[in-house]
Amino acid sequence: MKLSTILATGITLSCLSVNALALTIGFAQVGSESGWRTSFSESVKAEAKKRGIDLKFSDAQQKQENQIKAVRSFIAQGVDAIIIAPVVETGWKPVLREAKRARIPVVIVDRNIQVGDDSLFVTRIASDFSEEGRKAAQWLMDTTQGNCKIVELQGTVGATAAIDRAQGFNDVIGKYPNANIVRSQTGEFTRTKGKEVMESILKAENGGKGVCALWAHNDEMALGGIQAIKEAGLKPGSDILVVSVDGVPDYFKAMADGDANATVELSPHLGGPAFDVIEKYLGGDKNIPKLISTTGDLFTQDTAAAEYQKRRLQ
Ligand code: AHR
């Protein structure tokens, strides 16, 4: 019998540890658009294996409709809990209501959802994306004394990581009259699209002359942008500064090589916290805060080589 079925009968688990039972958990992941996302998926899979959890993993290829289908299929299979890493914020209410009716708890990880009814999910485990944008912007303003013509590669349209990082960044540069974003376009959080969009931005900006910095909403797009800057005959990291978010090993390597300047770390190790919360909840603890926050520091070139050595083997 699935744990959710046992709980529905009202049987108390007070003398039984939830993690002693074999849980079946569905995980609706965004996709594999970035190195960060792949590490996050690996963290969930590894943690599930360690805990003896039967994990049903679904890769939505960056499409919300695929995620909704996956969640419906988890409900039909009668899983004990569902983890959703949402692609975008809106459109979740109907399927979350279905999960609630089936008494299946849902944990949101990473990006946010807008449902206007917080009884539809147990908690959200996430970083403060606005703060990441503010940290990136403050580093850039300090480095350029507030004089900077910036180009921006935005993340997926409608995704919290894009909306909030842009807002946090803009809040800070808004205080500097000689800093402004001259071009901004989505690169959909991927390296390929980041490169393609950066190529067209550089063309539109007279080959990149006069552009002081590239602000990318993730490392993956920044790495694509770096490639485009090189191909345009400029030196990323000095002719055009590069600042982004994630802290993936490839980006630390780019910083160590002088091609990138700064990144705000986003921890991909979210499997442990997600399963901890599910086990607590299924064990009867209903006092779980609606937001569990993770934080990350800003890293620059000075520690990049050492950080790269540490992270490439993780
Ligand atoms: O939602 C978090 C973002 O999604 C990461 O910064 C990015 O790499 C990923 O695609």
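We count ligands from 1, going down the list as the structure has it; atoms in each ligand are counted the same way.
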(message) Show the atoms of ligand 1 that are less than 4.0 angstrom away from any heavy atom in Trp36.
(response) 2 (C), 5 (C), 8 (O), 9 (C)

(request) Give the residue, atom name and distance (to 0.1 Å) of the protein heavy atom nearest atom 5 (C) of ligand 1. (result) Asp246 OD1, 3.4 Å

(message) Please list the nearest protein heavy atom to atom 1 (O) of ligand 1 with its residue and the distance rounded to 0.1 Å.
(response) Asp110 OD2, 2.6 Å

(request) Look at atom 7 (C) of ligand 1 and say which protein heavy atom is nearest, naming residue and atom and giving the distance to 0.1 Å. (result) Asn218 ND2, 3.4 Å

(message) Is the positively charged end of Arg311 above the ring of Phe299, judged by distance under 6.0 angstrom from the centroid and angle within 45° of the axis?
(response) yes

(request) Report yes if some N/O of His217 lies less than 3.5 Å from some N/O of ligand 1; otherwise report no. (result) no

(message) Are Asp164 and Asn112 packed together at the side-chain level, in the sense that at least one heavy-atom pair is separated by less than 4.5 angstrom?
(response) no

(message) Other residues, nucleotides and ligands only: do more than 12 of their heavy atoms fall within 6.0 Å of NZ on Lys50?
(response) no

(message) Counting C-beta onward and ignoring hydrogens, is there a side-chain heavy-atom pair between Asn147 and Cys212 closer than 4.5 Å?
(response) no

(message) With a 4.0 Å cut-off on heavy atoms, is Arg165 in contact with ligand 1?
(response) yes

(message) Do Ser130 and Gln167 pair up side chain to side chain, a donor and an acceptor below 3.5 Å, judged on atom types alone?
(response) yes

(message) Only heavy atoms of Glu33, strictly under 4.0 Å: list the atoms of ligand 1 that pass.
(response) 4 (O), 9 (C), 10 (O)

(message) Only heavy atoms of Ala161, strictly under 4.0 Å: list the atoms of ligand 1 that pass.
(response) 1 (O), 2 (C)

(request) For the pair Phe27 and Phe40, name the ring-plane relationship: parallel under 30°, tilted 30 to 60°, perpendicular over 60°. (result) tilted

(message) So is Glu220 touching ligand 1 or not, going by heavy atoms under 4.0 Å?
(response) no

(request) Just let me know how Leu266 lines up against ligand 1, side chain, backbone, both or neither, with a heavy-atom cut-off below 4.0 Å. (result) side chain

(request) State whether a side-chain donor-acceptor pair under 3.5 Å links Glu132 with Ser127. (result) yes

